[in-house]
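See below for the structure under consideration.
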Amino acid sequence: MPRYNDYFGPYGGRYVPEVLQAPLKELEQGFQDALDDPEFIGEFDEFCRDFIGRPTPLLPAKNASKALGGAQIYIKLEGLANTGAHKINNAAGQALLARRMGKTRIIAETGAGQHGVATAAACARLGLPCVIYMGEEDIRRQHPNVYWMEMYGAEVRSVTSGSRTLKDAVNEAFRDWTANSDKTHYLLGSALGPSPYPDMVREFQSVIGREIQEQATFPIHTMVACVGGGSNAIGFLSPFLEDTSIRMVGVEAGGRGDGEGNNAVRMADTGRPGIIQGYKSLFLHNSDGQVLKTHSISAGLDYPGIGPQLASLGEQGRLEFTQAKDDEALEALKFFARHEGLIFAMESAHAGAAAMKLAKEMRPDQNLIINMSGRGDKDIFISAAALDGENWKRFLQKESRRKYVD
Ligand SMILES: *Cc1c(COP(=O)(O)O)cnc(C)c1O
């Protein structure tokens, strides 16, 4: 596969103001040079091994397979990566690249806070100062992640424009980058945005798929991943795209069900082509180009757009898309906890839910791999409220009355 593409079918591109063309060209060149430099590849591999804890295991999920009575299920445990999810792979790769390019400051955007946490951790490790833009509304909703980012030494900057959420944080990060690109790297968090980000994020995340190539000593029939912006899915799948004997399934957030504002499904003839935040892809937006509200129980899957490569692979039919609803994700969370001792991140539980259905339709001599993109400790405020509401409320009330300082 070519390393670098402006476009994936009709999607992708670099739709940015003139002032950002030069820094994006510089980044593209820096990225290409780094990939051709064995020393850089060595640094990335070492960081992955010593800091992230890679390779992450590929677990034969024997109990789950038996309980479902279909395919043999394997689970790639990205939740065991340091900071608890796949996001650190990209954060590490871009932070190392920034250092190689002589950048001395990192900025990033974050919505739910997971990408901010991964970026802050990678920057702490590399001694790079880091500013995380986060909507005021998201700061309020995601207090624990703000706490961890600051613990890692990052500065979290509250964005008070617009809806005070992720898209406003992205705008603010671009504004900062426009003014400071000579010494600052903008560390974007998913496989989207203007070129070369979709390629760059895919390359750093494809460590997931490359490890599976080594670990899977069996024929792979089906691979399943959840799709927010698309970084865990493309990293998991990209080394296997040429092997057309493998069925690939991306799982979107079905939320509460059909209807505008109830889900974040873009790939069921629901998304329309558009150019938003520097790239062309399928988005949930109205005919005036206004981005629509989305809903998902998982904070990482409620993004209104999808990475351009995944949109293109979906339209070509190479990648199938399906959905899991909020309650199906919660069921999958319980199922894998009981049967395998794994707490899936709410995002990953969407992949788990779809895989449970797919596995049942397959034969026991066939193999299915789920990408568990993260672990679910971070979701306790959501999962406990949804599954054990009364007890959880009582606990929180007690905590709120506790005296923290004597
Ligand atoms: C952010 C996140 C996602 C969604 O982002 P992608 O770019 O689609 O991978 C999925 N799982 C976890 C655990 C996340 O933190």
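Computation of the quantities below employed the complete heavy-atom set of this structure, encompassing side-chain atoms and omitting hydrogens, waters and symmetry-equivalent molecules. Read the numbers this way: they start at 1 and go in the same order the structure lists the ligands and their atoms.
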Heavy-atom cut-off of under 4.0 Å around ligand 1: list whichever protein residues fall inside it, by chain and number.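 The answer is Ala85, His86, Lys87, Gln114, Ser190, Cys226, Val227, Gly228, Gly229, Gly230, Ser231, Asn232, Gly300, Ala345, Glu347, Ser373, Gly374, counting any residue whose heavy atom sits under 4.0 Å from ligand 1.
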
Would the Phe174 and Tyr186 ring centres measure less than 6.0 Å apart?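 Centroid distance Phe174-Tyr186: below 6.0 Å, so yes.
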
Closer than 4.0 angstrom, basic N to acidic O: yes or no for Asp176 and Arg105?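 The answer is yes: the pair qualifies as a salt bridge.
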
Could you tell me whether Glu340 and Lys62 have a side-chain N and a carboxylate O separated by less than 4.0 Å?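 Result for this pair is no, no salt bridge flagged.
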
For Gln397, does the CD atom sit with more than 12 other heavy atoms under 6.0 Å from it, leaving out its own atoms?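 Buried by this count: over 12 neighbours within 6.0 Å.
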
Donor-acceptor contact below 3.5 Å, side chain Thr119 vs main chain Ala91: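 Checked: no pair found.
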
Residues two or more places apart in sequence or in another chain: which of them pass ring-ring contact (aromatic ring centres under 6.0 Å, His included) with Phe236?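 Checked Phe236 against ring-ring contact (aromatic ring centres under 6.0 Å, His included); zero matches.
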
